[in-house]
Amino acid sequence: MQGDICDPDRPAHPGIFPAGEAGQSDHQPAELTVDFPVSVVLPAGGTGERTGLQTPKQFCSFLGRPLISYTIQAFERVSWIQSIVVVVAKENVDLMTDIIQRFQHRKVRVVPGGSTRHRSICNGVLALGEQEEGERLPTDRPKVVIIHDAVRPFVEEDFLYKIAIAAKEQGAAGAIRPLVSTVIATTSEGYLDHSLERAKYRASEMPQGFTYDVIYQAYQRCTESDFEFGTECLHLALQYCGTNAKLIEGPPTLWKVTYKRDLAAAESIIKETLSRSACVITGGSAQAVTLADAFQKAAGALDMELDVVPDLMGDNGRYLSKEWNFIQVSVNHSCLSEVESLLMDLEAANRALLHPLVVIWVHLSCSDELSISRKMPEPAAIMDVASSAKLRNILVYAIQLHQSKDTERWERSVLRVAEITSALIRERSPALVGQLLQA
Ligand SMILES: Nc1ccn([C@@H]2O[C@H](COP(=O)(O)OP(=O)(O)OP(=O)(O)O)[C@@H](O)[C@H]2O)c(=O)n1
Ligand SMILES: O=C(CO)[C@H](O)[C@H](O)COP(=O)(O)O
């Protein structure tokens, strides 16, 4: 953990996260503005056959939220994107509509997909030029359409910006990555025919951007064979509109969830992104502040940003609006009033809507006051508070720590608190909710 105070308004995360919850970059420009209308098509109409799962991968859940919701969030947080069309199979339109309502997504329309990816994307592009149900005026066609697979949740605003600008200037633009394996051609008998010079080729990834006119015309002019077997929108723009796409190397996080193992990798990135920062609330007590300071030092190696505040009043209320985890330190208070008050603030701020939030209650007992038994928190009371918070998507854990005059012993305990805290925040295990751990 870093001890220095850093900007709590930093973009939360990439994709997963608010303005980048999962995978956000540390060096995102302060504000990127685009002075032309940009809309997005997210093809999400596939079955995810290669995962081997019954559920299409875009509807698989991570920390209680489907993958498609993380991808939508990556786009809706971008102020210069005016609308998002999500294309899903007809039988999933109701499910998708429910996801949009449950996670309060904005700017989103759902459109039925087709039997292939190109057919789904084409439906999305056509929908951008159509009047929305219930609207009296025709929808403004966007100048630029960004197309992005719904199963690539970790896309950053700065990269979308580069694609949008290049698409407006060139007519088409797309993300590329270096090849990790050499591409070879095989004979029909299964022998090597020839191999390509790897350095000359790139993998085509998403997002891709097009002016509306280019992508619209490309789909008007392409053949049934393109719709059935094609895999590359940039190719359609070249072949049917003569538009050579600008290619821009993107970050490795643009990778597509394709196999079952990719779902595990996505979950791990999401958890990692949610574990980047914690806010320690001391209540202003001198012992709690000393503990928080020691905690910061001990936590130095755990790679987490740690801010210390007395409470969440006034300007400190900003911690409630971003992706922070919370550590409430109580000294000799065996009652849970401070945690309960924090939980009320978090609920009022609607902080647990998009993913489970972690609150850790660190109970510090100082042996030179009161009797030890009077200072011990009641495990059943902690479990009650935690169980009720869990229903509201807030994961409450507790750690008991005894102050020691023996410096070595004290330092070991503080280090244990830092390690337990870090593990609880990273794992977000529902099974450990309400447990009182000893440091
Ligand atoms: N008829 C289709 C097929 C695919 N897609 C979408 O295109 C994106 C990329 O395709 P891919 O990874 O191939 O997804 P699936 O077709 O679902 O996977 P698989 O090929 O393993 O079945 C996915 O978001 C997928 O939902 C789509 O909108 N409509
Ligand atoms: O990388 C891409 C560039 O167009 C597409 O995402 C890809 O072609 C679609 O996925 P798949 O081929 O696996 O259906």
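For this chain, numbers begin at 1 and follow the sequence in order. Atom set for the values below is all heavy atoms of this structure, side chains included, hydrogens, waters and symmetry mates excluded. Order of appearance sets the numbers: ligands from 1, and atoms from 1 within every ligand.
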[X] heavy atoms, cut-off 4.0 Å: which ligand 1 atoms fall inside?
X: Val151; answer: 23 (C), 24 (O)
X: Lys57; answer: 11 (P), 12 (O), 14 (O), 15 (P), 17 (O), 18 (O)
X: Ser120; answer: 1 (N), 2 (C), 27 (C), 28 (O), 29 (N)
X: Ala150; answer: 24 (O)

In the protein, which heavy atom is nearest to [atom], and how far is it?
atom: atom 8 (C) of ligand 1; result: Asp149 OD1, 3.4 Å
atom: atom 25 (C) of ligand 1; result: Gly46 N, 3.7 Å
atom: atom 7 (O) of ligand 1; result: Arg117 CD, 3.4 Å
atom: atom 15 (P) of ligand 1; result: Gly48 N, 3.7 Å
atom: atom 1 (N) of ligand 1; result: Gly114 O, 3.0 Å

| query | Just by distance, with hydrogens left out, do Ser277 and Glu323 show a side-chain donor and acceptor under 3.5 Å apart? | reply |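 Side-chain D/A pair, Ser277 to Glu323: absent.
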Any idea which part of [X] is under 4.0 Å from ligand 2, heavy-atom wise: side chain, backbone, both or neither?
X: Glu49; answer: neither
X: Thr231; answer: both
X: Arg50; answer: side chain

| message | Assess whether a salt bridge exists between Asp262 and Lys57, defined as any Lys/Arg side-chain N lying under 4.0 Å from an Asp/Glu carboxylate O. | response |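 Judged by the 4.0 Å cut-off on N to carboxylate O distance, Asp262 and Lys57 do not form a salt bridge.
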| message | Tell me whether Pro56 reaches ligand 1 (any heavy atom closer than 4.0 angstrom to a ligand atom). | response |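 Checking ligand 1 against Pro56, which is what was asked, there is no heavy-atom contact under 4.0 Å.
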| request: Of the side chain and backbone of Thr116, name the one, both, or neither that has a heavy atom under 4.0 Å from an atom of ligand 1. | output: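 Backbone only.
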Has [X] got a side-chain atom pairing as donor or acceptor with [Y]'s backbone, closer than 3.5 angstrom?
X: Arg65; Y: Leu354; result: yes
X: Arg428; Y: Ile425; result: yes
X: Asn316; Y: Asp311; result: yes

